[in-house]
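Here is how names work: the chains are called A, B, and so on, in the same order as the sequence lines, proteins then strands, and each is numbered from 1.
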Number of protein chains: 2
Amino acid sequence: MEQTYQQPLVMVDTALFTILDERLCLLLARRREPPFEGVLALPGGFVHIEEDTDTTMAARRVIRGKLGIDAPYLEQLFTFSGPARDPRGWSISVAYYALIPAALLSQSQAAEAVPVEELPTLPFDHPQIVDKAIERLRGKATYSSLPAFLLPSEFTMNDLHRIYQQTIGTRLDQASFRHKILEQDIIEPMPNRFRGGAHRPAQLYRLTSRVLIPFERKI
Amino acid sequence: MEQTYQQPLVMVDTALFTILDERLCLLLARRREPPFEGVLALPGGFVHIEEDTDTTMAARRVIRGKLGIDAPYLEQLFTFSGPARDPRGWSISVAYYALIPAALLSQSQAAEAVPVEELPTLPFDHPQIVDKAIERLRGKATYSSLPAFLLPSEFTMNDLHRIYQQTIGTRLDQASFRHKILEQDIIEPMPNRFRGGAHRPAQLYRLTSRVLIPFERKI
DNA sequence: ATTGTTATTTGCAATAAACAAATAACAGGA
DNA sequence: TCCTGTTATTTGTTTATTGCAAATAACAAT
């Protein structure tokens, strides 16, 4: 703390996932400065020298700047570095990924979301970051409560079923999914809270914990 | 590339796992310079400005410097940063973990290994790094070929069974383990290669791939 | 041939998953 | 009120998978 160093090129980049229209999407930002000014890219920024705990602070600041809210789920993903990744010189970027329920987005923010299969050409090493983020998301989705963070705080079993299918990308048997999820105690029914319609009302659930819970696994 | 920056405090630290005497151990190094000169710590070092692909290069250099060999498995773990983690000022450290078969260690190197339950007090944020590394190792062990990288290139099914139990820390049924592993196609028998003794000889196997293979999972 | 030892396979009960279908609960209209 | 359409939830039934215990295999040494 007693010494100060010239600000190195230390930055964060964020892959912000949401599900819109049944599809996994990323929220991109148009760059306001060179390099790649005007190009769509992952939201990011420099780590401020005064950010005093960890780069997580910088990632949260970037997400607040982009969306005005905190992400319900934010996790460090991977760190990329080298002289070639940024034309300004040797740099190091700590990448994060976050899950954002669509319900938290404004209409204009939602309009900017791009399905992961239809991403434009991204600058820097952002394509690598995206690949790693999707891989991690899919991987963890199969053995944790992760996809639930793409839902609002109250949801039905079928909401959860759909969101798991959309993040993993495969069909999951309904009855087995129900059984498995309830067995893991990651959600709990909210007493006397149902969602209606012209049909049998659906029980509303909420997460038992605000943090990620891995499922029990045996080899 | 056209600009150069003052060398920032960018470093790597490595958690080097091995299994000795049926126990999961870490290889530590005594620090040769301040801060914490003379103290046992995770092997680490600064990232050189000329290291031109990624911090993985620096991690490999550190491991070569410590052990004289490359680790069969090396993976980026997590990045720690902040002004408080190093008395010299704001720093960023990319942590790695690696798996080293005990057979690759010299006698003196093996003598320096410390079981993870008996670690001394480590400097900097090395205790956090160790915690995260063990967590990741245990997590991946339950659904991938990861523990096999703690074995030499030829091993028996029972070697593999033991190493999985030691990394995960629980007992695994022998028959089920065999079945499960063979089902995953991560190893293949080496034709006509057996390990003998005063008993039925054991089939020798090798990994089908030099990279980590995750098991098939269903939710 | 017998014994001791570790490797590998087998059999069976207990669990869990996949699949298909039934039942439940409601709104809205006949 | 009763019937219909719709989504939610539960129930079988069949089909893998796992857990556990025991049997069998293959060798060295005696």
Side-chain angles (χ1 to χ4, degrees), chain A residues 19 21-22 141-145 147-148 151-152 154-166 168-206 214-219, chain B residues 19 21-22 141-145 147-148 151-152 154-166 168-206 214-219:
Chain A
I19 290 208
D21 204 19
E22 311 268 298
T142 64
Y143 67 90
S144 77
S145 57
L151 290 174
E154 301 185 358
F155 50 84
T156 70
M157 186 62 84
N158 283 342
D159 290 340
L160 194 64
H161 184 212
R162 271 191 291 273
I163 218 96
Y164 267 84
Q165 294 186 136
Q166 288 151 12
I168 299 175
T170 64
R171 187 196 151 273
L172 301 171
D173 177 68
Q174 210 183 17
S176 305
F177 177 82
R178 265 190 134 73
H179 189 218
K180 188 81 172 208
I181 289 292
L182 290 175
E183 195 175 57
Q184 302 298 331
D185 290 325
I186 62 168
I187 62 173
E188 59 188 6
M190 304 177 72
N192 297 105
R193 303 268 308 145
F194 298 89
R195 182 191 297 163
H199 52 76
R200 177 173 177 172
Q203 173 71 57
L204 286 170
Y205 292 86
R206 68 177 161 213
F215 297 166
E216 282 182 34
R217 279 176 294 173
K218 39 201 162 189
I219 198 168
Chain B
I19 290 209
D21 203 19
E22 311 269 299
T142 63
Y143 67 91
S144 77
S145 58
L151 290 174
E154 301 185 359
F155 50 85
T156 69
M157 186 62 85
N158 282 344
D159 290 340
L160 194 64
H161 184 213
R162 272 190 293 273
I163 218 95
Y164 267 84
Q165 293 186 136
Q166 288 151 12
I168 299 175
T170 65
R171 187 196 151 275
L172 301 171
D173 178 68
Q174 210 184 17
S176 304
F177 177 81
R178 266 189 132 73
H179 189 213
K180 189 80 171 211
I181 288 292
L182 291 174
E183 196 175 55
Q184 302 296 333
D185 289 325
I186 60 168
I187 62 174
E188 59 189 5
M190 304 177 73
N192 297 105
R193 304 267 309 145
F194 297 89
R195 182 192 297 163
H199 52 76
R200 176 173 178 171
Q203 173 72 57
L204 286 170
Y205 292 87
R206 68 176 162 213
F215 297 166
E216 281 181 33
R217 280 175 294 174
K218 38 203 160 187
I219 198 167

Between [N] atom [atom2] and [X] atom [atom1], what is the distance in whole Å?
X	N	atom1	atom2	value
N158(B)	dT9(C)	CG	C1'	13 Å
R217(A)	dT17(D)	CZ	P	19 Å
F177(B)	dA7(C)	CZ	P	13 Å
H179(A)	dA18(C)	NE2	P	12 Å
R195(A)	dA25(C)	CZ	C1'	16 Å
L204(B)	dA7(C)	CG	P	11 Å
Q203(A)	dA25(C)	CD	P	13 Å
K180(B)	dT18(D)	NZ	C1'	9 Å

Handout entry: Enclosure of E216(B) CD (heavy-atom neighbours >12, cutoff 6.0 Å)
Key =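 Result for CD/E216(B): open.
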
Exercise for the section: May I ask you to check whether over 12 heavy atoms, not counting those of H199(A), lie within 6.0 Å of atom NE2? Expected result: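 Counting other residues, nucleotides and ligands, NE2 of H199(A) exceeds 12 neighbours.
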
Exercise for the section: Could you say whether H199(A) or E183(A) is positioned toward the 5' end of DNA chain C, judged by the nucleotide with the nearest heavy atom to each? Expected result: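 Of the two residues, E183(A) wins.
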
Problem - Nearest-nucleotide pick for R200(B), side chain only, options being dG19(D), dA7(C), dA17(C) - result: dA7(C)

Completion exercise
From the candidates dC19(C), dA24(C), dC27(D), the one with an atom nearest any side-chain atom of P201(B) is dC27(D)

Exercise for the section: May I ask you to decide if the ring planes of F177(B) and H161(B) are parallel, tilted or perpendicular, using 30° and 60° as cut-offs? Expected result: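 Tilted.
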
Exercise for the section: With heavy atoms under 4.0 Å as the rule, sort G196(B) into base, sugar-phosphate or nothing. Expected result: nothing

Practice task
Drop me the distance from I219(A)'s CD1 to Y164(B)'s OH, to the nearest 0.5 angstrom.
Solution key: 5.5 Å

Practice task
Specify the residue among Q174(A) and D173(B) whose closest nucleotide of DNA chain D lies further upstream toward the 5′ end.
Solution key: Q174(A)

Exercise for the section: Taking only the side-chain nitrogens and oxygens of K218(A), find out if one of them lies under 4.0 Å from OP1 or OP2 of dT18(D). Expected result: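 K218(A) to dT18(D) OP1/OP2: no side-chain N or O under 4.0 Å.
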
Handout entry: Presence of R178(A) side-chain N/O under 4.0 Å of dT9(D) phosphate oxygens OP1/OP2
Key = yes

Problem - Geometric cation-pi criterion, R217(B) with Y143(A): 6.0 Å, 45° - result: no

